[in-house]
Chemist: 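This is the structure, below, for whatever I ask next.
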Number of protein chains: 2
Amino acid sequence: MGETKETSTGRVVEQLRALILDGELLPGERLRQEELADRLGASRVPIREALRVLAGQGLVRLVANTGAWVSSLTHDECVDLYRVRERLEPLLLEQSLPGLGRDELQEIDAARRAVDECRDVREFIALDRHFHSLTYQAAPDGYIKHEVGQLWDVTQYYRRRFTEMQDDRGRALIASEHGLLVDALMRGDSVAAAAVLEMHIRRTRLALQHAVHLFDG
Amino acid sequence: MGETKETSTGRVVEQLRALILDGELLPGERLRQEELADRLGASRVPIREALRVLAGQGLVRLVANTGAWVSSLTHDECVDLYRVRERLEPLLLEQSLPGLGRDELQEIDAARRAVDECRDVREFIALDRHFHSLTYQAAPDGYIKHEVGQLWDVTQYYRRRFTEMQDDRGRALIASEHGLLVDALMRGDSVAAAAVLEMHIRRTRLALQHAVHLFDG
DNA sequence: ATGCCGGTGATTGGATCCAATGCAAGTGCC
DNA sequence: GGCACTTGCATTGGATCCAATCACCGGCAT
């Protein structure tokens, strides 16, 4: 039951997504079809389909007959996305928690420690995402998990920028919240876990609301 | 400032979406590219792009090298979508309420009456959606409004099926909830409005959870 | 100088053509 | 008779070609 043979469009989607998430393509950057076709070794047809897919995911902005750009967010849009995360991620966590066993919980705690100890911004972004993903891993694949993934995707660039500005106090707060979250998970206390997670995202949103300077416009 | 000249892909997306929402294309139905190209008067290229877009919106299921089908939902998936609606729509309503003026509120109340009086299933679905859309109209266009629209889209077929099974008691409950919602809106009471709306969706979800027979599987 | 206008090149959008994949029917073998 | 295999066809995927659109630039008039 090996992989269903991947389509070229699918590969292009993954490659472009990776380039955007890694920050090699920055918000506002123009995406020319022919240039991408060269770079990714495909013709323009799968490129165009991929751009449409990524536009649907919010990573790319398409203007008819004109072109494609890497999406950028306004301050308000980004804050809005965090409000959505505040509401969806606790729900996802509740769906995941009952399925987390001893081994998964150990893995989660290890990931938490890795986040704590990390001082590099790019690595922090990856480790933090990995940590939260692990807490969601036992939730069924479906709309919510998919949507949460997209929310992380479209905000990734700004999370990185925001993390760059973070001081020790901010990092300490994150460490505390992650600690409380893991504790709740280990006790199987879904109410507490959801509450801590909502607070965690909410506090980040409020901090973000003061960081207007990260956004152009 | 006339319409930006629409692209062919865009038109196909709209036409296919309409066909699905109107129930002319049913969940599980196969979508053949050439057939659609004939029917909609375009070549296969914009059809393929449109199918990718609709797949991203969850209205179509694509399998590589095999084909496209109108999406169908399992019972669990549908219930999950309602849980998301429970969390997102109150948020959207809160964003809209402050922008609703006298005229809009009158229009909303008129729409509410129209829903109350309607006895035809297809018309009910349209009127109910129109009513709720009006309550959201003053919210800024953005991720949340867009996402909520998609949630209504992908559940449309099942809402219709569910409505068909509804008895007078169910209709009366909806009328009561809509009435309380409009009252809260008119008083500018966003807390009450959000609470009523959440209850409204939640109650529908619970009723839906007992309606397993609407789903194949 | 500034703002409007038209032409030209770069870029996107769509159609056709060809290749690749998968499914189904039919055949042979056990 | 049932099952695996093969062959052919329907359908999807990708590349190239051509048309349509837009942005940029220079010229002209005010």
Side-chain angles (χ1 to χ4, degrees), chain A residues 1-20 24-72 216-217, chain B residues 1-20 24-72:
Chain A
M1 59 124 286
E3 298 284 343
T4 299
K5 202 142 214 154
E6 184 63 87
T7 181
S8 175
T9 300
R11 275 192 303 272
V12 173
V13 167
E14 280 316 306
Q15 292 179 71
L16 274 177
R17 175 174 174 274
L19 288 172
I20 294 172
E24 298 190 37
L25 295 171
L26 297 176
E29 200 162 324
R30 172 72 182 269
L31 299 171
R32 262 169 263 268
Q33 296 176 2
E34 203 144 7
E35 185 184 324
L36 293 175
D38 278 357
R39 184 168 179 179
L40 304 179
S43 91
R44 277 179 50 220
V45 174
I47 301 285
R48 276 170 51 184
E49 294 188 3
L51 289 175
R52 275 244 147 66
V53 170
L54 292 166
Q57 298 181 356
L59 284 173
V60 161
R61 192 169 62 97
L62 279 180
V63 178
N65 287 314
T66 304
W69 288 263
V70 178
S71 289
S72 57
D216 44 45
Chain B
M1 51 120 278
E3 298 284 341
T4 299
K5 202 141 214 153
E6 183 63 88
T7 180
S8 175
T9 300
R11 276 192 303 272
V12 173
V13 168
E14 282 315 309
Q15 294 179 69
L16 273 178
R17 176 174 172 274
L19 287 172
I20 295 172
E24 297 192 37
L25 295 172
L26 296 177
E29 200 162 324
R30 172 73 182 269
L31 299 173
R32 264 170 262 268
Q33 296 176 2
E34 203 144 6
E35 185 184 324
L36 293 175
D38 279 356
R39 182 169 181 177
L40 304 180
S43 89
R44 279 179 48 220
V45 174
I47 300 285
R48 275 169 53 184
E49 292 187 4
L51 288 174
R52 274 240 148 60
V53 170
L54 292 167
Q57 299 180 356
L59 284 174
V60 162
R61 192 170 63 94
L62 279 179
V63 179
N65 288 314
T66 304
W69 289 263
V70 178
S71 290
S72 57

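We name chains A, B, ... by the order of the sequence lines, and we start the count at 1 in each one. The structure presented is a predicted model; accordingly, all values stated were derived computationally and were not measured.
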Chemist: Looking only at side-chain atoms of B:Ser43, point me to the closest of C:dT12, C:dT16, D:dA15.
Modeler: C:dT16
Chemist: Nearest of D:dT12, C:dG14, D:dA15 to any side-chain atom of B:Gln33?
Modeler: D:dT12
Chemist: For the CD atom of B:Glu24 and the CD atom of B:Glu29, what is their distance to the nearest 0.5 Å?
Modeler: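 Interatomic distance, B:Glu24 CD to B:Glu29 CD, rounded to 0.5 Å: 10.0 Å.
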Chemist: Return the nearest nucleotide to the side chain of A:Asn65; candidates are C:dT11, D:dA15, D:dT21.
Modeler: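 The answer is D:dT21.
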Chemist: Here's a test of your reading of the structure: between A:Ser8 and A:Arg44, which maps to the more 5' nucleotide of DNA chain D?
Modeler: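 By nearest-heavy-atom nucleotide position, the 5'-most residue is A:Ser8.
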Chemist: Please give, in whole Å, the distance from C:dG14 C1' to B:Glu34 CD?
Modeler: 15 Å
Chemist: What is the distance, rounded to the nearest whole Å, between atom CG of A:Leu62 and atom C1' of D:dC22?
Modeler: 16 Å
Chemist: Using side-chain heavy atoms (C-beta onward) and a distance below 4.5 Å, is B:Val70 in contact with B:Leu31?
Modeler: yes
Chemist: To the nearest 0.5 Å, what is the distance between OG on A:Ser71 and CG on A:Leu62?
Modeler: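 One gets 8.5 Å once the value is rounded to the nearest 0.5 Å.
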Chemist: With a non-hydrogen cut-off below 4.0 angstrom, is A:Arg30 in contact with a base, only sugar-phosphate, or nothing?
Modeler: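 Result for A:Arg30 = sugar-phosphate.
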Chemist: Report the nucleotide, chosen from C:dG13, D:dG14, D:dA23, that has the shortest atom-to-atom distance to any side-chain atom of A:Thr66.
Modeler: D:dA23
Chemist: Write down the distance between CD (B:Glu6) and P (D:dC22), rounded to a whole number of angstrom.
Modeler: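 Atom-to-atom, B:Glu6 to D:dC22, this comes out as 12 Å.
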Chemist: Please give, in whole Å, the distance from C:dA10 P to A:Leu31 CG?
Modeler: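 From A:Leu31 CG to C:dA10 P: 20 Å.
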Chemist: Return yes if the base of D:dG14 and the side-chain atoms of A:Arg48 contain a donor-acceptor N/O pair under 3.5 Å, otherwise no.
Modeler: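 In this structure, the two groups form no donor-acceptor pair.
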Chemist: Give the nucleotide from the list D:dG14, C:dG14, D:dA23 with an atom nearest to the side chain of A:Pro46.
Modeler: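 Output: D:dG14.
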Chemist: Could you tell me the separation between the CD1 atom of B:Ile47 and the C1' atom of D:dG14, rounded to a whole number of Å?
Modeler: 17 Å
Chemist: Toward the 5' end of DNA chain D, which comes first, B:Arg32 or B:Val45, by nearest nucleotide?
Modeler: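 Counting from the 5' end, the first nearest nucleotide belongs to B:Arg32.
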Chemist: Rounding to a whole Å, what distance do you find between A:Glu49:CD and D:dG14:C1'?
Modeler: 9 Å
Chemist: I want to check something: taking the side chain as every heavy atom from C-beta on, are A:Leu40 and A:Leu16 in contact at a cut-off of under 4.5 Å?
Modeler: yes
Chemist: Is the shortest heavy-atom distance from the side chain of A:Arg17 to the side chain of A:Glu14 under 4.5 Å?
Modeler: yes
Chemist: Just to confirm, is there a sub-4.0 Å distance from OP1 or OP2 of C:dG14 to any side-chain nitrogen or oxygen of B:Thr7?
Modeler: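 For B:Thr7, the contact criterion (side-chain N or O under 4.0 Å from OP1 or OP2 of C:dG14) is met.
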Chemist: Would you kindly give the CH2-to-C1' distance between A:Trp69 and D:dC22, to the nearest whole Å?
Modeler: 10 Å
